[in-house]
Amino acid sequence: MDVSYLLDGLNDRQREAVSATEQDMLVLAGAGSGKTRVLVHRIAWLIEVMNYSPLSILAVTFTNKAAAEMRGRVEKLMGRDVQRMWIGTFHGLAHRLLRAHYQDAGLPQNFQILDSDDQQRLLKRTIKALNLDEKQWPAKQAGWYINAKKDDGLRPQHIDTYDPTEQTQVQIYRAYQEACDRAGLVDFAELLLRVHELLRDNKHVREHYQRRFRHILVDEFQDTNQIQYSWVRLLAGKENHVAIVGDDDQSIYGWRGAQVENLQHFLRDFPNAQTIRLEQNYRSTATILKAANQVIGNNSDRLGKDLWTDGIDGEPISLYSAFNEQEESRYIVSQIKRWQEQGGALSDVALLYRNNAQSRVLEEGLLYSGLAYRIYGGLRFFDRQEVKDAVAYLRLLSNRNDDAAFERVVNTPTRGIGERTLGLVRELARARQLTMWDAARAMVSESLLSGRAKNAMAAFLDIINGLEDKCVDKPLSMQTDLVLKSSGLLAMYQAEQSDKAETRVENLKELVSATETFVPTGEEGMTPLAEFLAHAALEAGDEQADAYQDAVQLMTLHSAKGLEFPLVFMTGLEEGTFPSQMSSGEPGRLEEERRLCYVGMTRAMEKLIITYAESRRLYGQENFHTPSRFISEIPSEFIHEVRVQTRVTQPSAQRSRFHTGASHEAFSQTGFQLGQRVLHQVFGEGTVLNYEGTGPQSRIQINFDDVGSKWLVVAYAKLTVI
DNA sequence: GGCCACTTTGTTTTT
DNA sequence: CAAAGTGGCC
């Protein structure tokens with residue numbers, strides 16, 4: 001068979017990785033070096049040339065999006081369906097394994113997945129039940145602690161501490177885990193940890209999968225945590241081949257347990273592994289690459305890698321110093337407009353920022369100028385309140401012991417089961433080690449509740465039981481429809497008088513159509529409902545946005561990883577914002593911020609524009625910042641400073657003269673706006689920084705490109721708007 | 001049970 | 001500053 005198409009168009013390093021003989025391999029893939037391409041071709045090579053069955057290959061990614069893209073590209077390249085091949089996320093594969101081996105993993109057959117929101121609620125209740133002060137022991141921190149321990153493979157009994165604070169955290173961890181186990185609930189970290197324990201402790205299961213998966217490929221390996229890596233090692237056994245792809249310079253998730261060190265550990269644990277570096281970049285201009293290389297070069301302990309391109313130098317990186325975040329936004333808008341006038345598409349433009357709070361001012365600027373935009377990172381479909389309510393009913397149908405679902409819907413819509421009644425149920429559940437459902441049943445049958453509460457609770461139990469009878473042998477979409485109607489959920493939202501309620505009803509209907517289009521795989525004795533519930537938990541779905549609209553893309557630097565755009569704005573490059581205040585002090589954290597900067601810069605294909613604001617409002621307070629250290633790490637030869645902002649020498653004195661809000665409008669009546677570009681006959685071009693007074697006596701401060709900042713009387717200055 | 005006023009608390013995100 | 005959460009009151 002002619003397999004040359006598998007190597008066509010690849011560079012030498014890529015070919016080497018694709019066609020490597022059977023051995024372990026570390027592919028150090030720089031940004032834009034064709035990493036996914038190599039993975040996809042490697043999989044096809046193993047099947048077509050090495051004659052491996054698609055079933056003997058395991059490919060793991062972090063996000064559903066990456067997994068879907070990989071599967072799609074493999075299918076396209078090979079021209080055949082690889083549905084049965086295991087390509088998925090760590091969590092998706094863990095779920096699949098636990099469903100198949102629920103008994104060995106010590107789980108009930110109908111276990112449910114707990115998302116972060118559910119986990120938070122359950123923790124809150126657990127902390128309350130332990131009679132701990134909720135102020136002193138916030139559920140958030142407890143969750144953070146528990147997840148971190150699970151990521152490190154630790155159960156409560158493994159944690160030995162004399163620190164009283166940690167002892168309490170372990171106490172919460174233990175109580176929370178007992179609650180999960182009783183209810184058949186598995187949180188995200190638990191999925192991974194359970195599979196790790198399953199493979200570690202069950203020789204039979206482990207050997208089965210070791211025999212099956214001859215080749216294991218892991219994408220974005222720098223993002224793996226301890227437990228994910230030990231999974232890889234367990235599945236690899238002694239005989240299988242592991243290929244990992246990653247980039248230590250793009251490790252930006254250390255704060256959530258990812259261990260870059262895993263790359264070094266891999267080289268230690270797989271001593272025969274071949275290292276292949278993909279350093280040729282096909283994305284950015286040489287200028288952008290050189291600048292990014294310089295920045296990341298300031299980090300220590302790198303595996304070492306230098307991106308290069310045989311492409312053009314391209315334009316210099318623009319650096320714009322704004323006076324405040326409003327003016328930063330105005331400048332960005334003006335540049336986007338210029339891009340658009342030159343024929344550029346809006347969807348080719350990305351605005352990147354360090355934290356979500358920064359998006360607001362940018363958004364306002366775009367809105368004001370009428371430019372279409374799309375913000376990433378909003379609420380996703382299955383995260384919406386009304387959708388979660390409906391799903392909780394479905395979960396309860398599937399598993400009565402699901403305490404998280406029970407608590408969510410027992411009084412939604414309100415049916416007279418208040419906090420008092422629930423308190424009694426919780427008490428009984430704790431005393432008898434029952435789930436909420438069983439405790440509620442006991443309270444009704446043993447008449448432990450007052451008449452009214454008893455009736456209300458009995459009615460709720462009847463609704464759920466009655467729904468089950470109605471749903472027998474019905475298609476999933478009809479079950480969902482029945483749930484919405486019988487529970488009163490739909491009626492509740494329909495009755496609500498707000499603009500929100502309308503979209504909520506729409507979302508509930510959307511949920512029904514989602515169940516209609518959902519195609520169950522019919523796997524290992526799972527009901528369509530069970531499969532759908534897992535799908536809802538593991539893939540929270542896309543945000544509801546018109547992806548096809550030509551719109552500017554706004555997102556955090558983190559969510560930009562893996563994407564590319566012809567024109568990229570990196571905004572808010574100020575000390576304290578980026579690098580973030582939180583990362584100061586710890587060198588490790590600062591290096592992660594620098595990697596984030598590297599990730600941001602390497603998103604840009606043609607043009608990179610970096611902006612910062614001298615002053616920025618944060619929590620209602622105006623703060624002055626120095627430009628980010630990352631700016632000074634870029635050699636000046638690659639930078640074009642659009643405007644040299646004269647340093648504000650006495651910030652507090654200067655600040656008192658600033659005008660905002662209503663007076664700003666009055667100012668614009670004079671014909672000028674802050675941030676506007678103007679021309680003076682003697683001083684040349686400049687930008688309006690500030691003003692004082694109104695009418696003929698008003699003075700205006702202009703920062704001239706050539707001669708710096710000056711105060712001029714508007715009436716005499718003879719300024720022209722550019 | 002629902003509404004209003006008060007307090008608190010603010011990185012980065014996927015599963 | 002503004003959103004989210006809490007607590008008191010009817």
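A, B, ... follow the sequence lines: proteins, then strands. Residue 1 opens every chain. Fair warning: this is a prediction, and the values are worked out from it, not measured in the lab.
Among the candidates Ile113(A), Leu533(A), Val409(A), the single residue satisfying the side chain to side chain contact (heavy atoms under 4.5 Å, CB included) test with Arg395(A) is Leu533(A).
For Arg200(A), the CZ atom is densely surrounded, since the number of other residues' heavy atoms within 6.0 Å is greater than 12. The environment of Asn455(A) atom CG is dense: over 12 non-hydrogen atoms of other residues, nucleotides or ligands sit within 6.0 angstrom.
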Practice prompt. Starting at the 5' end of nucleotides 9-15 of chain B, put B wherever the base has a protein heavy atom under 4.0 Å, S where only the sugar-phosphate does, and a dash everywhere else.
Written response: -BBBBBB
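Between the Asn110(A) side chain and the Asn399(A) main chain, no donor and acceptor come within less than 3.5 Å of each other. In this structure a side-chain-to-backbone donor-acceptor pair under 3.5 Å is present from Gln228(A) to Asn225(A). Panel note: side chain Asn298(A), backbone Val295(A); a donor-acceptor pair is recorded below 3.5 Å.
As judged by a 4.0 angstrom heavy-atom cut-off over every strand, Asn147(A) is placed among residues making no nucleic acid contact.
Residues passing the salt bridge (Lys or Arg N to Asp or Glu O under 4.0 Å) test with Glu531(A): none are found, sequence neighbours excluded.
Taking the P atom of each, dT11(B) and dA4(C) are spaced 13 Å apart, rounded to whole Å. For dT12(B) and dG5(C), the P atoms lie 15 Å apart once the distance is rounded to whole Å.
Here the C1' atom of nucleotide dT8(B) and the CD atom of Gln136(A) are 17 Å apart, to the nearest Å.
Less than 4.0 Å separates DNA chain B from no heavy atom of any residue of residues 124-132 of chain A.
A cation-pi arrangement, defined by a distance under 6.0 Å to the six-membered ring centre and an angle within 45 degrees of its axis, is absent between Arg594(A) and Tyr598(A).
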